[in-house]
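Below is one structure, written out as structure tokens, with a few remarks after it.
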Amino acid sequence: MALRKINLNTALTLEPEGSVLLIYTGGTIGMIYDRTGSHLVPFNFEEILVRVPELRQLNIALSLISYDEPIDSSDITEEDWIKLAAIIQENYEDYDGFVILHGTDTMAYSASALSYLLENLQKPVVFTGAQVPIGKMRTDARENLITALEVAVSTRKGRCIVPEVCIMFGRLLLRGNRSKKVESRQFNAFRSSNYPPLAHAGVNIEYHSMVLLPFPTGTFKAHQKLEKNIVRLRLFPGLAERVIRNLLATKGLKGVVLESYGSGNAPTAPWFLNAIREAVDRGTFILNVSQCDGGRVEQGMYQTSKFLSDLGVIGGYDITSEAAVTKLMFVLGQGWSPEQSRKMLESNLRGEISLEPL
Ligand code: ASP
């Protein structure tokens with residue numbers, strides 16, 4: 001990924017209200033029609049002020065770092081997340097906030113990953129994108145982008161209001177690691193079923209201070225390591241023993257997000273429990289996440305989940321699968337002892353879980 005940083009609005013006449021580094025990775029937001037008018041192609045984001053002249057009225061000093069070749073977010077990898085965290089670290093002191101333009105398909109994963117990588121974050125990192133390309137009349141890109149920029153420079157009593165990684169989309173500001181893409185055709189593409197929105201963007205942007213993360217006191221740090229050998233295992237009735245055993249016996253497998261039923265329940269067939277026990281004994285961390293969007297894992301509530309606790313499976317509380325996969329990648333990437341890793345997986349690191357029901 002080659003990167004180039006440019007200042008977008010060098011001719012601001014008033015003292016800017018704030019400064020934002022826009023990081024453009026790709027996705028639908030940056031698409032326009034080609035000359036034939038029949039194909040959508042990535043647009044040169046350096047021309048964003050021509051396409052969205054309203055941005056000038058915001059009076060925000062804008063810089064842009066753009067992927068040379070914008071990508072569909074289906075192609076995002078853990079290397080991109082580490083790179084994004086490094087860009088934020090390198091530019092941390094120079095901007096009030098950061099806006100990451102990203103495809104919607106994997107935005108919830110990227111926002112979750114960044115939330116773990118950026119420790120003691122004291123500035124907003126706002127992901128946004130669009131369902132309709134910026135080059136189409138009825139695009140939602142303009143509104144999403146403008147609101148994301150406003151969030152990125154929002155302050156109260158001299159301090160930023162949102163010291164966290166979030167997603168601004170369709171008038172909702174959501175915590176990144178609580179979000180899920182739930183719509184591929186409507187504008188309200190993201191939902192956070194187990195946690196209230198951080199803000200509603202109506203006539204004004206109304207922040208809900210009770211649910212925002214507290215301003216951290218520690219020193220900001222961008223972590224640079226993630227473990228890749230993780231898998232999601234979504235249970236369904238009629239699982240084949242051979243398939244599950246092969247999956248869990250994958251060489252080098254470090255972590256499994258076990259997507260269980262309801263409040264964390266799984267089959268009690270001896271072969272299944274043995275396969276889980278053997279994986280735990282081999283040192284694989286298994287994080288139990290509910291297939292239900294709303295609610296939480298309560299291991300031990302039913303006999304069908306008590307077995308899992310007894311085997312050493314870790315309850316994921318009300319975490320999303322996106323936040324669980326990236327939490328495993330982060331925690332297991334840090335080189336901590338098994339005890340420490342387990343403790344961290346059970347802890348609320350960045351507001352991704354509520355240890356008690358809300
Ligand atoms: N496929 C696109 C992406 O995730 C969809 C979008 O941007 O909304 O990159």
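Note that ligands are numbered from 1 as they come in the structure, with each ligand's atoms numbered from 1 the same way. We use all heavy atoms of the structure for the numbers below, so side chains are in, but hydrogens, waters and symmetry mates are not. Just so it is clear, the model here is predicted, and its values are computed rather than measured.
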Can we say R178 and E352 salt-bridge, meaning some charged N sits less than 4.0 Å from an Asp/Glu carboxylate O? no

Report yes if D105 has an N/O atom closer than 3.5 Å to an N/O atom of ligand 1; otherwise report no. yes

Any donor-acceptor N or O pair under 3.5 Å, side chains T320, K180: no

Closest protein heavy atom to atom 4 (O) of ligand 1, given as residue, atom name and distance to 0.1 Å: S73 OG, 2.6 Å

If the plane angle is over 60° it's perpendicular, under 30° parallel, otherwise tilted; pick one for F98 and Y92. parallel

S63-Y95 side chain donor-acceptor pair, cut-off 3.5 Å: yes

For A130, is the nearest heavy atom under 4.0 Å from an atom of ligand 1? yes

Among non-hydrogen protein atoms, atom 5 (C) of ligand 1 lies closest to T28 OG1, 3.3 Å

To which protein heavy atom is atom 8 (O) of ligand 1 closest, and what is the distance rounded to 0.1 Å? T104 OG1, 2.4 Å

Are Y67 and Y24 an aromatic pair, judged by ring center distance below 6.0 Å? no

Counting from 1 in the order shown, the ligand 1 atoms closer than 4.0 Å to a non-hydrogen atom of G27 are 7 (O), 9 (O)

Write out the residue and atom name of the closest protein heavy atom to atom 2 (C) of ligand 1, then the distance separating them to 0.1 Å. D72 OD2, 3.5 Å

Please say whether the positively charged group of R350, taken as NZ for Lys or CZ for Arg, lies over the ring of Y116, i.e. under 6.0 angstrom from the six-membered ring centre and within 45 degrees of the axis. no

